[in-house]
Structure formats: structure tokens, C-alpha cells
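Only heavy atoms go into these numbers, but all of them, side chains included; no hydrogens, no water, no symmetry mates. The residues of the chain are indexed from 1 along the displayed sequence.
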Amino acid sequence: MKVKINAYAKINLMLDICAKRKDGYHDLFMIMQSIGIYDTVTTERIKGGKIVITCDRDDIPLDSKNIAYKAAEAFFESAKIRKPSRGIHIDIKKRIPHAAGLAGGSADGAAVITALNILYDKILSDDELCKIGAKIGADIPFCIKGGTLLAQGIGEVLSKVKPLRKCFIVLAKPEFGVNTGAAFSQFDENGKVHAPDCLGMLKAIQSRDLFDISSRLENVFEQFIEVPNRIYMKEIMRNNNALGTCMSGSGPTIFGIFDSKEDAEKAAEELKIYADDIFITKPVNNGCKIFTIDE
């Protein structure tokens, strides 16, 4: 049996770090949105009891460093599946840029957890799958559920909010990546200059006012993570009528929200001088979407 899943990327419409916790993690306030860029993760059971990963990108680890590998191990442990029955092949077709603040690795991990639950007869509930995911990465519970959600705690406490209206989202990722752990260390060292207006954003989200939402986009990481040419990329987006611009996650991807496809296309064309990875996409309501199940 083989399960193929489209694992969608995310952006942060708002990201605030509230405090560092005693366990070393951070309490967060995030409005997260699934977008139409996805990896395709195919998972099937094989003989031999080993976790085997293949990928079409050379810079992605194929061993226990891969989040997909860790997700499979965590699922097997939680589901109490014995080692002889743990033979699994995970094939990843990458479209989400790596180390981009778009949860590419977390999306793959979420897809593996979702697929394994199907392959092993749906033995766990969605909430149980999210608990497994939270042990591996803070974004995985969101990537399992997807859509538009408020994420709190370390990212594992998810609450429904109104879905984002139809719009066009332009993403521009510079060549370099940002290490999430290093980004949080920057916060621990420097703190933040001011806190985003979380309540104002929640009200805007619940009213589904795209203009109000876009005007309130904010990411606290932008206060201490330097992304070369960020100012110029945002300026290009605004000059092409972006309703708002922001950095996603710990960076370095910059995104803009557009009401017009034509404006989005113009911005994307002009952004090519600053970024190689440029996408025009839309909001989606899924984190993991089952594409096919082959018996």
C-alpha cells in the first residue's frame, strides 16, 4: 500500500515571541496560513524494518537528521509498533525552498505522520497525531491541520479563526537560509523593541477584512534578523500595490499580499534581481492533502 500526500507550506501573518520558557522553548503567538506551494511525499510499507528516505534534492539529508525520518520514528514509538513492522520508504519531491521560514521540513514530517496513520489502519486520532508532531517540531501540528489558525504555546495549541479571503501571495526567498535555533538565540540576546498588535490582528482576521489584515502583518523576528535587500524587496511589492508585506517564520522569505493577479505578476518579475526562488500562490485550506492511496 502506498500513500501520496501533498504537504503544503505556510506563512506567518503574525508572529510574536511572548517569552522564553523554563524548558528552553518559547511561548508564541502566531497567525498561520497554509499556501499553495507543496512537497509531494509518498510513503509505503516495505520489508526489512528500516526507514528509507529518497529525495530529488541533493542538499536534503536522508538519515535521522531529516524531520520526516524523526516523524516516522516518533509515530512508531507512540503507536507502539514493533521494529520488525517499521519498514517504510519515504520519497520526497521538494518544491518548498529549504531553510526559508515556510515550514518545508515540518510539512514533510506532517505528511509522514498522516500517511503512516493511514498505512497502519488509522489507529490514532488527529489530536494524537498533532501531539506526536509537536515532539519533533513546533510547526508540525499546524502542518497536519492547515488552513488559517491561531497557534500558541510553542506552536502546538491551535485555535480556529476565520479563513483568509481569496488573494494572491508573492514569495521571494534570497539565496541564503536562516537557522531557526540561531534566530531564537538572537531573541534571547536582544529581546524585542516592541510587541506586535496581536489583538488587532485577531479582530481583523475574524472580520475577514483583507486590507486590515494586510496592514497589520508583523513578524517580531524582523526586529533582529537581517535579510539583505529586504527593504528593497518590500518596496518593489508595495510599489506594485501590495496590501502588506512581511517576513515568514525566522526568514529569510519575504511575502506580499495582493488583491490583483496582474500586480502580483509585475512584482514577481521585478523581484528577480534580488531572489532566485519566487512564487505566486494563493491561500489553501489544507495542511496535508491526500493525493492518492494505491493498494
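Contact record, D91 with C55: OD1-N, 4.3 Å, taken as the closest heavy-atom pair. Taking all atoms of both residues into account, the shortest heavy-atom contact from S248 to L102 is OG-CD2, 3.9 Å. Across all their heavy atoms, C167 and K282 have their closest contact at O-CG, 3.6 Å. When all heavy atoms of T253 and A100 are compared, the pair lying nearest together is OG1-O, 2.8 Å. The minimum heavy-atom distance between L217 and G244, with the atom names listed, is CD1-C, 3.6 Å. L164 approaches P283 most closely through the heavy-atom pair CD2-CG, 3.8 Å.
Looking only at side-chain heavy atoms (C-beta outward), S34 and F142 come within less than 4.5 Å of each other. Using a 4.5 Å heavy-atom cutoff, the side chains of L15 and M32 are not in contact. Contact check for D259 versus F211: side-chain heavy atoms found under the 4.5 Å cut-off. Residues I132 and L124 meet the side-chain proximity criterion, which asks for heavy atoms closer than 4.5 Å. Taking 4.5 Å as the limit, every side-chain heavy atom of V112 sits out of range of all side-chain heavy atoms of I67. In this structure the side chain of I254 reaches within 4.5 angstrom of the side chain of M237, judged on heavy atoms. Taking the side chain as every heavy atom from C-beta outward, L116 and I81 never approach each other to under 4.5 Å. Q223 has its side chain within reach of E218: a pair of non-hydrogen atoms, C-beta onward, lies under 4.5 Å apart.
The cationic group of R86 does not satisfy the cation-pi geometry with F75, failing either the under 6.0 Å distance to the six-membered ring centre or the 45° limit from the ring axis.
Classification of K135 and E77 as a salt-bridged pair fails, no side-chain N sitting under 4.0 Å from a carboxylate O. Under the 4.0 Å criterion applied to side-chain N and carboxylate O atoms, D27 and R21 are assigned as salt-bridge partners. A salt bridge links R216 to D197: one of the charged nitrogens lies within less than 4.0 Å of a carboxylate oxygen. Ion pairing between a basic and an acidic side chain is recognised when a charged N comes within 4.0 Å of a carboxylate O; K192 and D16 show such pairing.
In this structure, the side chain of N117 engages the main chain of I123 through a donor-acceptor pair within 3.5 Å. Distance alone, capped at 3.5 Å, is enough to place a donor-acceptor pair between the N219 side chain and the G249 backbone.
Take D277 and apply the salt bridge (Lys or Arg N to Asp or Glu O under 4.0 Å) test, not counting sequence neighbours, and it matches no residue.
S85 and R45 form no side-chain donor-acceptor contact under 3.5 Å, judged by distance and modelled atom types alone.
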- Task: Assess whether salt bridge (charged side-chain N to carboxylate O under 4.0 Å, His left out) is satisfied between K94 and D108, documenting all intermediate values.
- Result: CA-CA 9 Å; K94 291 295 294 181; D108 297 343; 3.2 Å; yes
- Message: Determine whether F221 and I17 satisfy the following criterion, side chain to side chain contact (heavy atoms under 4.5 Å, CB included), listing intermediate values before the conclusion.
- Response: CA-CA 8 Å; F221 278 122; I17 304 172; 3.8 Å; yes
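Aromatic ring pairs are classed by plane angle as parallel below 30°, tilted from 30° to 60° and perpendicular above 60°; the pair H26 and F184 is parallel.
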